Amino acid sequence: MKIACCTLLCAASLLAFPAGILAADVSIDSSTYFGFARKDVTGAVKETLLPATQFLGLTVAGLGDGNLSLHLYGWGRTDLGDKSSSKAVSNDIASFNSDKSTGSLSYGYLQYRFNQANATVRGGRFSIHEGIANELVDGVSVRTDLPLGFGLSAFGGATVHTAKIYGENSDGKGDFLSGGRLNYRYGGLLEIGLSGVYETAAPKLVTRTAANYRRVGGDLWLTPVKAVDIIGHSSYNPETKQFADHSYLITFKPYQKLNLTGEFNQQRDQSFLYAWTMFSSSALNPNDKSTSYGGSASYEVSKNVEAAADYKHYSRERGTAERFGGDVRLNFQENSVRGGIGYHYLNAASGFAIGTNPSASYHELRCYVMHDTKGLFSAIDLLGNRFKEKIYNETNAWETTATLGYHITPTLALSGDVGYGRNPQFTEEVKGLLRVTYNFIGGKK
Amino acid sequence: MRTWKLLLPLLALAGLIGIIASCAQMKTVPGIPASHPETLAIGQQVSCAECHEDQQKGTMKAFNAFSHTRSFVKNHRFYAASDDRLCATCHKSSFCADCHTNKAEMKPSTRYGERPDREFQHRGNFITLHKIEGKLDPASCYRCHGRANNDRCVACHR
């Protein structure tokens with residue numbers, strides 16, 4: 001599989017060049033990263049990571065009668081130092097699901113677009129966003145608008161499997177997946193949609209409860225007056241025979257510079273997270289609910305300054321929490337100099353804390369400045385957290401990153417990052433990254 | 001066998017769409033272009049209203065609803081659910097796949113270290129904080145790590 005991916009990527013990159021001469025509409029995005037990280041992990045050995053990663057994207061438009069296009073994107077990585085699959089892992093449990101080199105095809109599909117009614121047909125690996133259906137499939141999809149404001153879409157194919165769950169022989173997903181959406185629009189006033197996903201039976205698991213992934217739902221977009229939009233959806237889990245979630249957003253733009261929003265989200269934990277095999281969510285208490293609501297306001301003080309504030313309240317069986325804060329963003333010299341500063345506080349009950357900590361509350365402060373020119377570009381980013389109660393004996397966590405780069409040509413750029421941080425998990429962390437990006441857009445445009 | 005059960009309705013639908021597409025009524029249903037006619041500068045909050053005034057053609061919504069305000073970016077899931085094809089006029093799938101994929105090799109904030117102005121979901125060392133954030137709003141994590149992109153998680157979450 002991995003070899004197949006790497007071969008595919010290499011083949012794709014080789015193909016790209018002759019294609020560039022032949023076809024009119026080829027674009028290539030390539031980015032290569034050489035990373036360096038040295039971690040001093042509390043109570044464990046020092047790790048030195050030297051991953052080399054290549055991302056490659058290829059789009060060829062204007063094939064066939066001009067409406068056919070090819071879209072490919074994927075990556076491959078190899079480790080020159082310690083295995084980096086373990087980089088998130090603090091102790092000695094690195095040997096599961098980790099390899100010195102790996103890769104993945106994020107997507108690869110052919111698309112045909114009709115000239116009218118936004119009709120498209122896709123085949124290959126692609127992602128779908130249709131109402132409550134958000135999936136990645138190896139298969140086929142079709143969509144079209146219909147007369148009188150109706151629209152229809154459908155997809156089906158093989159599921160894209162991910163990492164095996166520890167102690168199991170699979171990732172807990174069924175092998176085939178299908179779904180679709182039917183919608184109706186009335187002028188610019190209203191849109192309603194009905195959508196669903198159906199996955200074939202989940203595999204039998206050794207220690208966890210297998211859970212079939214099936215969901216149906218309805219979505220809504222209402223514009224009662226010009227400055228107001230109400231958007232959201234509700235979904236139902238036919239396996240648990242309960243509602244899975246409700247998620248609604250209202251936005252109000254009284255005038256262009258001011259933007260107010262309110263949101264409401266509620267999930268029945270078992271029904272919404274049902275097929276999350278990693279946490280055996282199908283075994284959760286069917287009565288547990290998570291609710292969050294909040295609001296935000298942003299205001300364009302002047303052409304160079306924007307200020308925003310937000311608030312969100314969470315409640316779960318574990319307790320309640322609230323987060324509030326704000327930030328200011330600045331831009332100067334026609335957007336080539338940008339900066340931001342923000343502060344948030346999470347005030348959370350002990351039920352959300354790590355381990356047996358008495359509190360989960362923490363402050364977060366962030367600021368950055370960046371400068372972008374035709375030649376040189378640079379950025380500095382600083383992120384700090386202060387915990388109300390010590391976490392693993394530390395009160396603070398912080399990290400800073402500085403970037404310097406140069407656009408060698410309009411399509412080719414070279415840049416480097418250096419970062420340093422201290423936090424409860426890794427007492428000390430030094431990181432470096434060298435980045436080469438190449439973005440070629442061919443064709444008429 | 002199962003594959004066929006799933007593919008048959010799809011093929012039938014594709015056929016149906018083929019027929020519809022060739023029928024005269026369909027020719028009057030407006031479409032949006034494959035790609036946005038104007039290339040927009042990156043690194044700013046795109047205000048559609050700056051260049052577009054009224055409602056989009058046909059049954060489309062007001063342009064201004066899609067202006068990339070702070071809240072639009074934060075809540076883009078609501079907009080993508082019904083207007084994914086509009087997003088695709090400006091965004092390649094890879095733009096979305098950097099944050100949404102089955103297997104992401106690098107944290108977006110690390111990959112795009114030169115872009116501190118972007119709204120990436122995790123910055124800094126998230127391993128510590130995720131133990132709090134994951135309890136606060138597991139549904140939000142599930143959207144990306146539930147049925148995808150959990151390679152790294154299963155090393156600890158056994």
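Sequence lines set the chain letters: A, B, ... in the order given, protein chains first and strands last, and positions in each chain run from 1. This one's a predicted model, so the numbers in the text were calculated from it and none came from an experiment.
Between B/Arg85 and A/Thr120 the shortest side-chain heavy-atom distance does not fall below 4.5 Å. Looking at heavy atoms from C-beta onward, B/Ile132 lies in side-chain contact with A/Ile354 at the 4.5 angstrom threshold. Inter-residue side-chain proximity for B/Cys141 and A/Trp276 is flagged as met; some heavy-atom pair is nearer than 4.5 Å. Between A/Met278 and B/Arg147 there is no side-chain heavy-atom pair separated by less than 4.5 Å. Looking only at side-chain heavy atoms (C-beta outward), A/Arg435 and B/Glu114 come within less than 4.5 Å of each other. Residues B/Thr128 and A/Tyr362 form no side-chain contact, since every pair of their non-hydrogen atoms from C-beta on lies 4.5 Å or further apart. Residues A/Ser106 and B/Lys103 form no side-chain contact, since every pair of their non-hydrogen atoms from C-beta on lies 4.5 Å or further apart. The shortest distance between side-chain heavy atoms of B/Asp137 and A/Ser290 does not fall below 4.5 Å.
With respect to chain A, the highest number of heavy-atom pairs below 4.5 Å among B/Ser82, B/Ala41, B/Gly134 belongs to B/Ser82. Per-residue counts of heavy-atom pairs under 4.5 Å with chain A were compared for B/Ala34, B/Ala97, B/Ala148; the largest is that of B/Ala34. When each of B/Ala49, B/Pro33, B/Ser93 is scored by its heavy-atom pairs under 4.5 Å with chain A, the top score falls to B/Ser93.
We find the OG1-CG distance between A/Thr102 and B/Asp151 to be 7.0 Å, quoted to the nearest 0.5 Å. Interatomic distance, A/Glu130 CD to B/Asp84 CG, rounded to the nearest 0.5 Å: 6.5 Å. Once rounded to the nearest 0.5 Å, the distance linking CD of B/Glu133 with CG of A/Leu346 reads 6.0 Å. Atoms CG and CD1, from B/Asn150 and A/Ile165 in turn, are 5.5 Å apart once rounded to the nearest 0.5 Å. Note that CG of B/Asp83 and CZ of A/Arg185 are 4.5 Å apart. Values are rounded to the nearest 0.5 Å. Atoms CG and OH, from B/Asn75 and A/Tyr248 in turn, are 14.5 Å apart once rounded to the nearest 0.5 Å.
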Item checked: Step-by-step salt bridge (Lys or Arg N to Asp or Glu O under 4.0 Å) determination, A/Arg329 to B/Glu119 -> CA-CA 12 Å; A/Arg329 293 191 168 203; B/Glu119 296 278 346; 2.6 Å; yes
Margin query: Test side-chain hydrogen bond (donor to acceptor under 3.5 Å, both in side chains) on B/Asp98 and A/Tyr73; report intermediate values, then the result.
Written below: CA-CA 10 Å; B/Asp98 286 339; A/Tyr73 189 57; 2.5 Å; yes
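Evaluation of the salt bridge (Lys or Arg N to Asp or Glu O under 4.0 Å) rule for A/Glu306 yields B/Arg70 as partners, not counting sequence neighbours. Evaluation of the salt bridge (Lys or Arg N to Asp or Glu O under 4.0 Å) rule for A/Asp29 yields B/Lys92 as partners, not counting sequence neighbours.
There is no side-chain donor-acceptor pair under 3.5 Å between B/Lys74 and A/Thr261. Of the N and O atoms on the side chains of B/Tyr142 and A/Ser281, not one donor lies less than 3.5 Å from an acceptor on the other residue. Side-chain atoms of A/Thr403 and B/Arg115 form no donor-acceptor pair, as typed in the model, at a separation below 3.5 Å. A donor and an acceptor atom, one from each side chain of B/Arg111 and A/Ser31, are located under 3.5 Å apart. Inspection of the B/Asn102 and A/Tyr107 side chains reveals no N or O donor paired with an N or O acceptor under 3.5 Å.
Looking at B/Asn64, the atoms closer than 4.5 Å to chain A (heavy atoms on both sides) sit in the backbone and in the side chain alike. Heavy-atom distances place both the backbone and the side chain of A/Leu249 under 4.5 Å from chain B. In this structure, the portions of B/Arg123 lying under 4.5 Å from any heavy atom of chain A include both its backbone and its side chain.
Residues A/Leu273 and B/Ala139 share a closest heavy-atom pair of CD2-CA, 4.1 Å. Nearest approach of A/Thr251 to B/Tyr79, heavy atoms of both residues: CG2-OH, 3.7 Å. In plain terms, the two heavy atoms of A/Ser247 and B/Arg143 that are nearest each other are OG-NH2, 4.3 Å. Residue A/Asp417 comes nearest to B/Thr110 through the heavy atom pair OD2-O, 4.0 Å, listed as atom of the first residue, atom of the second, then distance. Scanning all heavy atoms of the two residues, the minimum distance from A/Gln256 to B/Ser47 falls at NE2-OG, 3.7 Å.
Ring geometry for A/Trp221 versus B/Phe66: interplanar angle of 30 to 60°, hence tilted.
Using a cut-off of 4.0 Å between Lys/Arg side-chain N and Asp/Glu carboxylate O, A/Lys226 and B/Glu53 are scored as not salt-bridged.
Heavy-atom neighbours of A/Ile380 CD1 from other residues, nucleotides or ligands within 6.0 Å: at or below the threshold of 12.
At least one donor-acceptor pair under 3.5 Å links the side chain of B/Lys135 to the backbone N or O of A/Ala353.
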